[in-house]
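Here the structure comes first, spelled out in structure tokens, and everything after it is commentary.
Side-chain atoms are counted along with the backbone in the values below, which use heavy atoms only and exclude waters and symmetry mates. Remember, predicted model here, so these are calculated numbers, not experimental data.
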Amino acid sequence: MLRVTRELGLFEVPARVPDGFIYHQNFVSEAEEHELIREIQELHLTPFKYYQFTGKRRTASFGWQYEFGKSEITTAPDMPAFLLPVRTRAGKLFNIEPNSLAQTSIIEYSTGSPIGWHRDIPHFGVVVGISLGAPCRMRFRKYDRRSKNVSRDEILSLELQPRSIYLMSGASREIWQHSIPPVKELRYAIMLRTLRAKP
């Protein structure tokens, strides 16, 4: 398993995460975090819908958007200007052409909001996530349609700290699912994705 890339304190043990997952703390400063949250709170966020179910999370999509139950993605408004410098820095950090991060989702997790086990839809390639506000636990399990039972030993987890960033590619993107248990405080995530192929 690939180990987490971060500054380690005395006696701290690196987390075990799936291959293809890279994590860095302190991607943005506290001042930048406050400004990003302020800008996000000015956006029009709408409740997340999963078929007929409405979740606690609120979201906004830019570049491309998708709905569960639909087979295609559709165009969405352009990314707000305040997110462009963040996208550029994220692209440089992970050696990704910033403009290829063509889809952006903003997610607001109110207190108690979870996200269940899932993989991102196949229309998108690598996924970059930036955490703002409260910390949360991100869990991973291998995806297997045939098995309904997953051993506790097969679940990996990592505490995502505020202002951190991660990349999901390779095995972590393709053969592992991820989830977030209900958050304890308000949290925001900026998700950046590449397209697999031009729709």
Please round to the nearest 0.5 Å and tell me the distance separating atom [atom1] of [X] and atom [atom2] of [Y].
X	Y	atom1	atom2	answer
I107	L132	CD1	CG	11.5 Å
K184	R137	NZ	CZ	9.0 Å
L195	H123	CG	NE2	10.0 Å
H34	R38	NE2	CZ	12.5 Å
K142	L156	NZ	CG	9.0 Å
E174	M168	CD	CE	10.5 Å

Item checked: Check against side-chain contact (heavy atoms from CB on, under 4.5 Å), T74 and W64 -> CA-CA 6 Å; T74 57; W64 297 94; 5.7 Å; no
Check [X] against [Y] and note the closest heavy-atom contact, atom names and distance.
X	Y	answer
P18	S172	CB-CB, 3.8 Å
I180	M138	CG1-CA, 4.4 Å
I165	A90	CD1-CB, 3.8 Å
P98	G91	CG-CA, 4.4 Å
R193	F124	CD-CD1, 3.6 Å
I106	F62	CG1-CE1, 3.9 Å

Donor + acceptor pair across side chains of [X], [Y] (<3.5 Å):
X	Y	value
S179	R139	yes
Q103	S105	yes
Y109	E185	no
Y143	Q177	no
S113	R57	no

Is any side-chain heavy atom of [X] closer than 4.5 Å to a side-chain heavy atom of [Y]?
X	Y	answer
Y166	V17	no
V126	F94	no
M79	L192	yes
L158	F21	yes
L186	I37	no
F82	L36	yes
S164	N26	no
I40	I190	yes

Note to self: Please determine whether side-chain contact (heavy atoms from CB on, under 4.5 Å) holds for the pair E108 and T59, giving the CA-CA distance in whole Å, both sets of side-chain angles, and the decisive distance to 0.1 Å.
What the structure shows: CA-CA 6 Å; E108 177 191 78; T59 67; over 6 Å; no
Next item on the list: Could you check E72 against Y66 for side chain to side chain donor-acceptor pair (under 3.5 Å), going step by step and ending with a plain yes or no?
Entry: CA-CA 7 Å; E72 299 296 329; Y66 59 97; over 6 Å; no
Does this structure show an ion pair linking [X] with [Y], if we count only N-O contacts that are shorter than 4.0 Å?
X	Y	result
E32	R89	yes
R187	E33	no
R173	D120	no

Check for a donor-acceptor pair, side chain of [X] on one end and backbone N or O of [Y] on the other, with a separation under 3.5 Å.
X	Y	value
R163	F27	no
H118	G116	yes
T194	L101	no

Notebook entry, point to check: Can L167 and V127 be said to form a side-chain contact (heavy atoms from CB on, under 4.5 Å), step by step?
Noted result: CA-CA 6 Å; L167 170 78; V127 178; over 6 Å; no
Next item on the list: Assess whether side-chain contact (heavy atoms from CB on, under 4.5 Å) is satisfied between R119 and W176, documenting all intermediate values.
Entry: CA-CA 7 Å; R119 293 182 304 162; W176 289 76; over 6 Å; no
